[in-house]
Amino acid sequence: MTTFQKIYEVVGQIPEGFVATYGQVAAMAGNPRWARVVGYALHVLPDPAFVPWHRVVAKDGRISTASDINGESLQEALLRSEGVTFTLDGRVDLQKHLWKPVDRTGFV
DNA sequence: CATGTGACACTAA
DNA sequence: TTTAGTGCCACAT
């Protein structure tokens, strides 16, 4: 089991309509310091279709410009397509769409 | 083996 | 609040 494999595994567990931060994915993959590795993992994705890479955003909900294609953010389009809303700052509304691995139904 | 780079995160100013 | 610096892990050279 390689680090990348764990990362892909975690990212693949992100439910539709939700997003997770690099740090969060890294922490769930095993180490909270793999944030950069997560980004690299998605950067060198062998098969973009088998992991919802677009559901992974920065801690502030911002999307890295490096993921842009011909000037437009494919992530934004995909996330919007899944029902994710964006703020005026161009960030994902983490308040509503931040993935919470904990299934505390009825808490808070 | 050492150095540089990178879809990040945290801390200090 | 924004910018700059540092740490971290994996990969390329």
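Heavy atoms only: backbone and side chains are in, while hydrogens, waters and symmetry mates are out. The sequence lines fix the lettering, A, B, ..., with proteins before strands; numbering per chain opens at 1.
Distance, A:I63 CD1 to B:dA7 C1': 11 Å, rounded to whole Å. A straight line from CZ of A:R33 to P of B:dG6 spans 23 Å, rounded to a whole angstrom. Atom CZ of A:R36 is separated from atom C1' of C:dC8 by 7 Å (rounded to the nearest Å). As rounded to whole Å, 16 Å separates atom C1' of B:dC8 from atom CH2 of A:W53. Atom CD1 of A:I7 and atom C1' of C:dC9 are 9 Å apart (whole Å). When rounded to the nearest whole Å, the span between CH2 of A:W34 and P of C:dC8 equals 15 Å. The OH-P distance, from A:Y22 to C:dC8, rounds to 21 Å in whole Å. Atom NZ in A:K59 sits roughly 9 Å away from atom P in B:dT11 (whole-Å rounding).
Judged by distance alone, the side chain of A:N31 and the main-chain N or O of A:R33 form no donor-acceptor pair under 3.5 Å. Of the possible donor and acceptor atoms, one in the side chain of A:T21 sits under 3.5 Å from a partner among the backbone N and O of A:Q24.
Between A:S64 and the phosphate of B:dC8, there is a side-chain N or O to OP1/OP2 separation shorter than 4.0 Å.
Distances from the side chain of A:V37 to the nucleotides C:dC11, B:dA9, C:dA10 place C:dA10 closest.
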Could you walk me through whether A:S73 and A:D68 satisfy the side chain to side chain donor-acceptor pair (under 3.5 Å) test, starting with their C-alpha distance in whole Å, then the side-chain angles of each, then the deciding distance to 0.1 Å, before giving a yes or no? CA-CA 5 Å; A:S73 293; A:D68 285 5; 2.7 Å; yes
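Within 4.0 Å (heavy atoms only), A:T3 reaches sugar-phosphate atoms of the nucleic acid but no base atom.
Of the residues A:T85, A:L74, A:V92, the one that meets the side chain to side chain contact (heavy atoms under 4.5 Å, CB included) test with A:L79 is A:V92.
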